[in-house]
K.L.:
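First, the structure itself, so that you have it in front of you.
This is a predicted model, so every value here is computed, not measured. Every chain is numbered from 1 and lettered A, B, ... according to where its sequence line falls, protein lines coming before strand lines.
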Amino acid sequence: MMTPRKEIKNPRVRIAPSPTGYFHIGTARTALFNWLFAKKYNGKFIVRIEDTDRERSKIEFEKDIIEQMKWLGLDWDEGVEVGGDFGPYRQTECLDLYEKYLHQLIDEKKAYYCFCSPEELEAKKQEMAARGESPRYDGSCRNLSPEVVEEKLKNNTPYVIRIKTPDKKVAFNDMIRGKVEFDCSLFGDLVIAKSLREPLYNFAVVIDDHRMQLTHVIRGEDHLSNTPKQIILYEAFGWDVPEFGHLPLILAPDKSKMSKRFGDVSVAEYRKNGYLPEALFNFIVFLGWHPEEKSGEGIKEILTKEEILDLFDVKRIQKGGAIFNVDKLNWINAEHIKKMPIDELTKRSSPYLENVFGEKIISNQEYLKKVIESHRDRIKKLSDLPEMVGFFFNLSDYPKELLIWKDSILENTKGTLELLISMLTNLKEDEYNKNQLEAIIMPEAEKRGRGEILWPLRVALSGLKNSAGPFEIIPILGKEETLRRLEIAKNKIQ
RNA sequence: GGCCCUAUCGUCUAACGGCUAGGACAACGCCCUUUCACGGCGUAAAUAAGGGUUCGAUUCCCUUUGGGGCUGCCA
């Protein structure tokens with residue numbers, strides 16, 4: 001059986017995004033699992049920016065990463081913005097350190113300068129592929145004499161730095177997958193730096209993970225095959241190897257890696273589209289993880305961050321990839337919207353409304369709250385709101401035919417509107433509540449047919465084919481506006 | 001191609017080696033209903049295939065098949 005799991009205590013974990021694009025949903029999930037892991041086991045969560053790719057790294061992306069992580073409700077103990085004892089937390093600020101370690105490896109003959117040109121390499125690669133071998137570096141520069149190396153360096157011959165990959169198998173015990181083994185002889189000598197001042201990912205990661213004393217490296221499954229390469233480096237330095245855990249990937253509906261299909265699935269995009277951070281958090285964590293079922297009938301799926309943290313357990317992380325299902329996200333989002341206190345919901349919805357209808361819309365908070373409350377059960381996303389509640393602020397024009405119930409006739413509709421106007425005119429302002437309204441209108445509706453009365457009423461109020469019911473709308477609109485809208489309807493018909 | 005990971009309803013998933021394989025989303029149907037939603041009730045829907053091990057496999061092992069990742073002087 002399995003070896004007993006080591007007790008996890010005060011782990012140090014990290015998320016190490018590279019600022020080469022907007023904060024991606026997949027990165028968000030990795031961040032989330034690391035955050036949960038740190039919180040759950042009383043450890044530290046660290047944010048490190050991996051910007052060794054100078055070409056593609058941009059400060060605006062770094063800002064976005066930080067902003068969206070905060071938006072999702074994540075906080076970190078060390079890293080960019082907050083600092084800490086193991087800085088710098090941005091790789092481009094560690095160049096001296098990488099250079100030092102590169103020198104160390106070269107001095108110890110564990111790494112070497114390679115002067116092969118990309119063209120040569122490509123040709124060799126083709127050759128090997130043609131022979132059916134797995135393409136790898138043949139080690140031409142592995143044993144260059146110090147004189148030759150010095151000469152070439154003096155002449156500014158372009159070079160890279162390669163690690164001498166040991167000819168052996170490397171195994172590790174993945175927290176999620178159990179034992180995983182790779183044959184390193186298949187790799188060849190890996191390039192670990194483009195130059196002394198240009199370290200490459202696999203090298204920089206090891207230096208930093210070690211330097212920051214990380215105990216667990218939890219990352220996407222796409223890094224699984226990088227792990228043995230990094231272990232080689234740990235061993236070259238004689239450092240302790242952290243525990244690794246490789247999360248299953250989030251897949252697009254066609255099962256390809258998420259980023260490939262919808263390249264720009266940024267968290268910011270979901271935010272803009274009206275998803276709540278608590279819903280996105282909830283949804284994403286359920287992609288590849290489910291809590292233990294508590295005695296019997298199903299599990300609770302709508303959870304707060306705190307509840308998730310309480311239930312979280314690494315052992316229950318899934319191995320297989322999970323497809324990102326927007327329908328489920330929409331449902332979870334809707335559920336969180338239903339649960340949210342109205343003041344909070346109003347605050348969060350305001351930007352979406354303001355965006356469409358302008359600032360004045362938020363001036364009357366009490367009105368706004370009633371409007372939002374009346375429609376919270378009908379929306380999936382905050383961004384659905386403007387379209388649905390717009391009529392409260394501004395009744396748009398509609399064809400008079402819309403006022404006519406099913407196969408009723410214009411004449412009846414006119415009669416209905418006149419009747420309603422007279423009934424509602426007699427009702428006092430403070431009687432404009434659901435109960436009173438129903439008390440006077442429903443008997444009439446039962447008599448003449450509900451649709452005959454209620455449909456024209458509702459359309460007159462909303463101007464829409466589909467909307468909330470009249471007894472929800474009228475109390476919000478109030479007497480004056482209600483009657484005004486009924487007059488508009490009546491005038492349309494004449 | 002090579003290496004690695006992976007496999008329960010369409011999707012996310014549950015099931016100490018032991019029940020009619022459970023739940024959720026979506027779909028469909030019915031109810032509620034002035035419309036559209038909400039809500040309530042219900043229906044259909046899965047252990048990839050083949051071998052073992054076992055009294056008994058969704059569960060353990062092997063093979064095949066499918067899917068995915070990696071195979072950069074990206075991260």
Side-chain angles (χ1 to χ4, degrees), chain A residues 1 16-21 27 50-53 55-57 91 114 116-118 121 125 129 132-136 158-162 174 176-177 180-183 186-188 190-195 198 200-202 204-205 219-229 246 248-249 251 253-257 283 286-293 296-302 316 318-332 334 338 375-380 384 388 402 405-406 445 449-459 462 464-470:
Chain A
M1 261 314 277
S18 58
T20 53
T27 318
E50 309 219 321
D51 54 354
T52 48
D53 187 338
E55 307 266 300
R56 296 194 299 147
S57 295
Q91 290 188 322
C114 168
C116 298
S117 72
L121 258 19
K125 204 169 166 183
E133 294 169 27
S134 68
R136 62 175 189 279
Y159 68 90
V160 297
I161 296 165
R162 290 181 186 272
D174 191 280
I176 296 162
R177 284 149 219 286
V180 182
E181 190 180 68
F182 285 86
D183 184 353
L186 264 24
F187 299 156
L190 301 159
V191 179
I192 55 173
K194 295 193 323 192
S195 76
E198 296 170 287
L200 255 16
Y201 168 74
N202 279 125
V205 158
R219 73 227 303 197
E221 196 195 332
D222 47 345
H223 285 288
L224 196 54
S225 45
N226 279 326
T227 304
K229 300 173 183 173
H246 290 91
L249 258 22
L251 274 20
D254 69 352
K255 296 195 178 184
S256 68
K257 198 176 164 186
F283 171 67
F286 269 68
L287 243 33
W289 173 85
H290 266 63
E292 190 174 0
E293 195 171 343
E297 296 307 298
I299 51 163
K300 205 179 151 204
E301 296 207 61
I302 304 300
R316 297 186 61 86
Q318 217 75 223
K319 292 193 188 87
I323 293 176
F324 190 95
N325 179 199
V326 184
D327 283 328
K328 187 106 180 194
L329 171 60
N330 286 341
W331 174 73
I332 290 178
K338 283 177 201 160
H375 277 71
R376 72 185 316 161
D377 285 355
R378 312 169 80 90
I379 57 168
K380 298 255 187 245
D384 294 338
M388 291 189 132
L402 193 59
W405 168 241
K406 277 190 177 164
R450 291 184 170 199
E452 199 65 70
I453 301 290
L454 268 15
W455 174 270
L457 208 211
R458 194 185 59 71
V459 171
S462 67
L464 298 170
K465 191 166 145 222
N466 304 324
S467 77

K.L.:
Mark yes or no for whether A:R177, through its side chain, and A:H246, through its backbone, hold a donor-acceptor pair below 3.5 Å.
P.N.:
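At least one qualifying donor-acceptor pair exists.
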K.L.:
What interatomic distance, in whole Å, is found between P of B:G18 and the corresponding atom of B:C4?
P.N.:
31 Å
K.L.:
More 5' along RNA chain B: A:A193 or A:G451, using each one's nearest nucleotide?
P.N.:
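Comparing both residues, the 5'-ward one is A:G451.
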K.L.:
Please tell me which of the listed nucleotides, B:C73, B:U35, B:C70, lies nearest to the side chain of A:K229?
P.N.:
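It is B:C70.
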K.L.:
For B:C28, measure the glycosidic angle (O4'-C1'-N9-C4 for a purine, O4'-C1'-N1-C2 for a pyrimidine) and name it syn if it falls within 90° of 0, otherwise anti.
P.N.:
anti
K.L.:
Taking only the P atom of each, what is the distance from B:C60 to B:G17 in whole angstrom?
P.N.:
8 Å
K.L.:
B:U35, B:A75, B:C73: which one has an atom nearest the side-chain heavy atoms of A:Y201?
P.N.:
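Of B:U35, B:A75, B:C73, B:A75 is nearest to the side chain of A:Y201.
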K.L.:
For nucleotides B:U58 and B:C9, find the distance between their P atoms and express it as a whole number of Å.
P.N.:
14 Å
K.L.:
With the side chain of A:L249 defined as its heavy atoms from C-beta on, choose the nearest nucleotide among B:C70, B:U35, B:G68.
P.N.:
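When the side chain of A:L249 is considered, B:G68 is the closest of B:C70, B:U35, B:G68.
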K.L.:
Would you measure the distance from the P atom in B:A27 across to the matching atom in B:G10 and give it in whole Å?
P.N.:
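To the nearest whole Å, 16 Å.
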K.L.:
If you only use heavy atoms from C-beta on, which nucleotide in B:G1, B:U34, B:C70 is closest to the side chain of A:D222?
P.N.:
B:C70
K.L.:
Only pairs with both distances under 3.5 Å count, Watson-Crick or wobble alike; so what is the partner of B:C38 in this structure?
P.N.:
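None - no nucleotide pairs with B:C38, as no candidate has both distances under 3.5 Å.
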K.L.:
Can a side-chain donor-acceptor contact be found between A:R219 and A:T227 if the only test is distance below 3.5 angstrom?
P.N.:
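Yes.
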K.L.:
Donor-acceptor check, side chain of A:R56 to backbone of A:P19, threshold 3.5 angstrom: yes or no?
P.N.:
no
K.L.:
Distance check, C1' atoms only: B:G68 and B:C61, in whole angstrom units.
P.N.:
24 Å
K.L.:
If I pick the C1' atom on B:C12 and the same atom on B:A46, what distance separates them, to the nearest angstrom?
P.N.:
13 Å
K.L.:
Report yes if a side-chain nitrogen or oxygen of A:K125 is closer than 4.0 Å to either non-bridging phosphate oxygen (OP1 or OP2) of B:G72; otherwise report no.
P.N.:
yes
K.L.:
Mind telling me whether A:W455 and A:W405 have parallel, tilted or perpendicular rings, with 30° and 60° as the class edges?
P.N.:
tilted
K.L.:
How is A:S18 classified with respect to the nucleic acid when contacts are heavy atoms under 4.0 Å: base, sugar-phosphate, or nothing?
P.N.:
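Sugar-phosphate, no base atom in range.
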K.L.:
Considering only B:C73, B:A75, B:G69, which nucleotide approaches the side chain of A:K257 most closely?
P.N.:
B:G69
K.L.:
Need the pair for B:A24. Rule: Watson-Crick or G-U wobble, both distances under 3.5 Å, any strand; none if unpaired.
P.N.:
B:U11
K.L.:
Determine whether a donor-acceptor pair (N or O, by modelled atom type, separation under 3.5 Å) exists between the side chain of A:R458 and the backbone of A:G469.
P.N.:
no
K.L.:
For B:G17, give its Watson-Crick or G-U wobble partner with both distances under 3.5 Å, or none.
P.N.:
none
K.L.:
Give a yes or no answer on whether the side chain of A:D51 reaches the backbone of A:Q91 with a donor-acceptor pair at less than 3.5 Å.
P.N.:
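Such a contact is found between A:D51 side chain and A:Q91 backbone.
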K.L.:
Enter the distance from A:Y159:OH to A:K194:NZ here, rounded to the nearest 0.5 Å.
P.N.:
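Output value for this atom pair is 12.0 Å.
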K.L.:
If you count the non-hydrogen atoms of other residues, nucleotides and ligands that lie under 6.0 Å from CD in A:E181, is the total more than 12?
P.N.:
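Atom CD in A:E181 is packed in, count exceeds 12.
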K.L.:
OP1 or OP2 of B:A75 sitting under 4.0 Å from any side-chain N/O of A:T52?
P.N.:
yes
K.L.:
Strictly under 4.0 angstrom, non-hydrogen atoms only: write out the protein contact profile of nucleotides 2-13 of chain B, one letter per nucleotide from the 5' end, B, S or -.
P.N.:
-SSBS----SBS
K.L.:
Taking the same atom, C1', in B:U64 and in B:U6, what whole-Å distance lies between them?
P.N.:
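Approximately 15 Å lies between the C1' atom of B:U64 and that of B:U6.
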K.L.:
Pick out the pairs of N or O atoms, protein on one side and nucleotides 37-41 of chain B on the other, that lie under 3.5 Å.
P.N.:
| unit_1 | atom_1 | unit_2 | atom_2 | d |
| --- | --- | --- | --- | --- |
| B:A37 | N3 | A:R378 | NH1 | 3.2 |
| B:C38 | O3' | A:K338 | NZ | 3.1 |
| B:G39 | OP1 | A:K338 | NZ | 3.1 |

K.L.:
Is B:U33 paired to anything, Watson-Crick or G-U wobble with both distances less than 3.5 Å, and if yes, which nucleotide?
P.N.:
none
K.L.:
Could A:K328 and A:F283 be counted as a cation-pi pair, given that NZ or CZ must be under 6.0 Å from the ring centre and within 45° of the axis?
P.N.:
no
K.L.:
Between B:U63 and B:U43, how many Å separate the two C1' atoms, rounded to a whole number?
P.N.:
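Looking at atom C1' only, B:U63 and B:U43 are 39 Å apart.
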K.L.:
Do any N or O atoms from the side chain of A:D377 and from the backbone of A:K338 form a donor-acceptor pair under 3.5 angstrom?
P.N.:
no
K.L.:
Tell me which nucleotide, if any, is Watson-Crick or G-U wobble paired with B:A48 when both distances must be under 3.5 Å.
P.N.:
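B:A48 is paired with B:U64.
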